[in-house]
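Below is one structure, written out as structure tokens; comments come after it.
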Amino acid sequence: MSSLPALLVAAPLLGSVLALLAGLVRSETGWPVALVTAAVQVAGAGVLASRAFDGTVSYVVGGFTAPFGIELVVDGLSATIALLVAVVSLAVLAYSRVAGPRTNAFYAVYLLLVAGLTGMSITGDVFNMYVFLEITGLAAYALVASGEGGRSARAALKYLIVGTVGASLFLLGIGYAFVATGTLNMADLSTQLAAVGYTEPLVQAAFALLVVGLFVKVAVFPLHAWQPDAYAGSPDSVSALISALVSTVAAYALIRIVFTVFTVDFLQANPVARSLLVAGAIVSIVFGSVLAVSQTEIKRMLAYSSVSQFGLVVGAVAVANETALIGATVHLVGHAVMKGGLFLTAGLIATATGAQTVDDYEGLIQRLPLGAGAFGLLALAMVGVPPAVGFVGKWYIALGAVEAAAWPLAVVILLSTLLTLAYFARILERMFFRDASGERVAVDGVSPGMTGVVVAAALAAVVLGMLAFEYGQLLEPTVQALLS
């Protein structure tokens, strides 16, 4: 059990190598290798989560003692994200069996992305977090470029350039923190930064660089430029995977950096730092929604929706109380399921009907009832209609803002429901209240795996909402420790 965190990172790395080697013997053998690896990953993450909620699990690589060795730390929060990465990765694999891409190289890079995301989720070392951040970024760039045509290549290049800037800022922030403290272990950094002084320019610069670097990875407005093209230009399976997990894990990293490394005391000593987070949250929520409303292509609209939704998480970080952070975690999990499900459903609809724009969805309930029903349910969950998980996450975050008397942020968070409705309502109206322009279609090219994953995502959005309050109670000790 003590070495399980290391095995959780090693398994997808080994699976990636095996998928690549299997392709040398026989083409298109990557999917079975990836499937077995993903199933092992889900089992391992599940076991680790069951243990982590009872007490933190840690492992120091190489047998060194912390803070000198590279430490992996799993508590309730990191276990949640690691399990989310494993489950979503397995689900998207089931979808991609027919939807593609299906080369061994694709699945090797796919598993490399899973390893990077898992490592970011459970590392207790800031430089190690940077290493996994780079693994994640490089794998994501390659997956975006796996689509056919120049659009995917251009999107991947843009993602590469902007992502490299974000990673460089993050690395520079680590350098500043190391110069100030002489350590890279997160827990030790927390102690040493307090000793140096939260108002020291070196410490303030480290915070600013780390946060802005992660803002790029989360796609906080106006640092979101890579996201719409990456989501819209990549294959449907890739769009779903990166929309569900890449920014989600980056947002988790933001929570970990702010509260594990710098702590609430830093925010209290530096009101400007809190203002930076509040500004990023408000601007992302408002402008992300406005840009989503103006889109005609479904995948680009969903991409701008993510800019708005992650603004809510940044707002919860700025509020920095127990209620808001529980809400941020619930919203991260819910958003991964809902947004990943929406991209997969959009892919299923495009495969069956060719519909890719808002106007193409006219009368979709008559042409493709299952696709329209799943998309409609997931869209309402994103809006925050009870009892879906989208409602629970927003409720916790809004309540946390009210408790903290952060009134401007609280108003924007409450208005975010109307803003989300603004860009989903026009699709729902076309799907359910307009006549179809064509006949009901035969669902050609849509596999049972694609259909099953889409239905499961829609149902999960509702079921998770019913379980979210109990999960919030389970997460309370972890959040209390994070804020102490």
Side-chain angles (χ1 to χ4, degrees), residues 31 34-35 38-39 42 46 83-100 231 235-245 248 298-299 301-302 305-306 309 330 333-356 360-361 363-393 424 427-428 430-432 436 440-468 471:
W31 188 81
L35 183 68
V42 170
L83 182 59
L84 177 69
V85 169
V87 171
V88 171
S89 301
L90 180 60
V92 175
L93 270 178
Y95 184 96
S96 69
R97 179 68 180 91
V98 171
Y231 287 10
D236 295 327
S237 300
V238 176
S239 297
L241 185 69
I242 63 176
S243 68
L245 295 180
T248 297
I298 294 295
K299 290 175 72 172
M301 186 213 72
L302 293 175
S305 167
S306 291
Q309 295 299 318
V330 171
V333 174
H335 181 268
V337 173
M338 294 182 293
K339 188 56 62 66
L342 281 167
F343 271 104
L344 292 176
T345 307
L348 183 148
I349 292 169
T351 300
T353 69
Q356 296 184 22
D360 290 341
Y361 276 43
L364 187 64
I365 188 64
Q366 302 167 33
R367 292 182 287 148
L368 191 68
L370 186 144
F375 195 97
L377 183 57
L378 287 164
L380 291 174
M382 284 292 299
V383 170
V385 176
V389 67
F391 165 77
V392 182
F424 277 121
I427 301 177
L428 296 174
R430 283 169 170 80
M431 286 196 304
F432 296 106
R440 180 166 176 168
V441 298
V443 188
D444 295 327
V446 176
S447 69
M450 294 169 68
T451 302
V453 172
V454 164
V455 171
L459 294 177
V462 178
V463 173
L464 288 174
M466 298 177 178
L467 300 175
Y471 169 73

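FYI, the numbering just counts along the sequence from 1.
At least one side-chain heavy atom of Met382 sits less than 4.5 Å from a side-chain heavy atom of His335. Between Val454 and Tyr95, some side-chain heavy-atom pair lies under the 4.5 Å cut-off. With a 4.5 Å cut-off on side-chain heavy atoms, Leu35 and Leu90 count as touching. Between Val333 and Val389, the closest side-chain pair of non-hydrogen atoms is not below 4.5 Å. For the pair Asp360/Thr353, no side-chain contact is recorded, criterion being any heavy-atom separation below 4.5 Å from C-beta on. Arg430 has its side chain out of reach of Leu364: every pair of non-hydrogen atoms, C-beta onward, lies at least 4.5 Å apart. In this structure the side chain of Leu342 reaches within 4.5 angstrom of the side chain of Phe375, judged on heavy atoms.
For the atom pair Ser239 OG and Leu344 CG, the distance stands at 9.0 Å (nearest 0.5 Å). With rounding to the nearest 0.5 Å, the separation of CG in Leu302 from CE in Met338 is 12.0 Å. Between the OH atom in Tyr231 and the CE atom in Met301 there is a gap of 13.5 Å [rounded to 0.5 Å]. Note that CG of Leu428 and CZ of Phe432 are 6.0 Å apart. Values are rounded to the nearest 0.5 Å.
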Tell me, with the steps shown, if Ser447 and Arg97 meet side-chain contact (heavy atoms from CB on, under 4.5 Å). CA-CA 8 Å; Ser447 69; Arg97 179 68 180 91; 5.9 Å; no
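Closest heavy-atom contact between Ala91 and Val453: O-CG2, 3.4 Å. Of all heavy-atom pairs spanning Gly371 and Leu348, the tightest one is CA-CD2, 4.4 Å. Residue Ala461 comes nearest to Leu378 through the heavy atom pair CB-CD2, 4.0 Å, listed as atom of the first residue, atom of the second, then distance. The two residues Ala379 and Phe424 have their closest heavy-atom pair at CB-CD2, 3.6 Å. The minimum heavy-atom distance between Ala346 and Ile298, with the atom names listed, is CB-CG2, 4.1 Å. Scanning both residues, Ala336 and Thr248, for their nearest heavy atoms gives CB-OG1, 4.3 Å.
With hydrogens and angles disregarded, no donor-acceptor distance shorter than 3.5 Å links the side chain of Lys299 to the backbone of Phe343. Between the side chain of Ser243 and the backbone N or O of Ala240, at least one donor-acceptor pair lies under 3.5 Å. At distances below 3.5 Å, at least one donor-acceptor pair connects side-chain atoms of Thr351 with backbone N or O atoms of Gly347.
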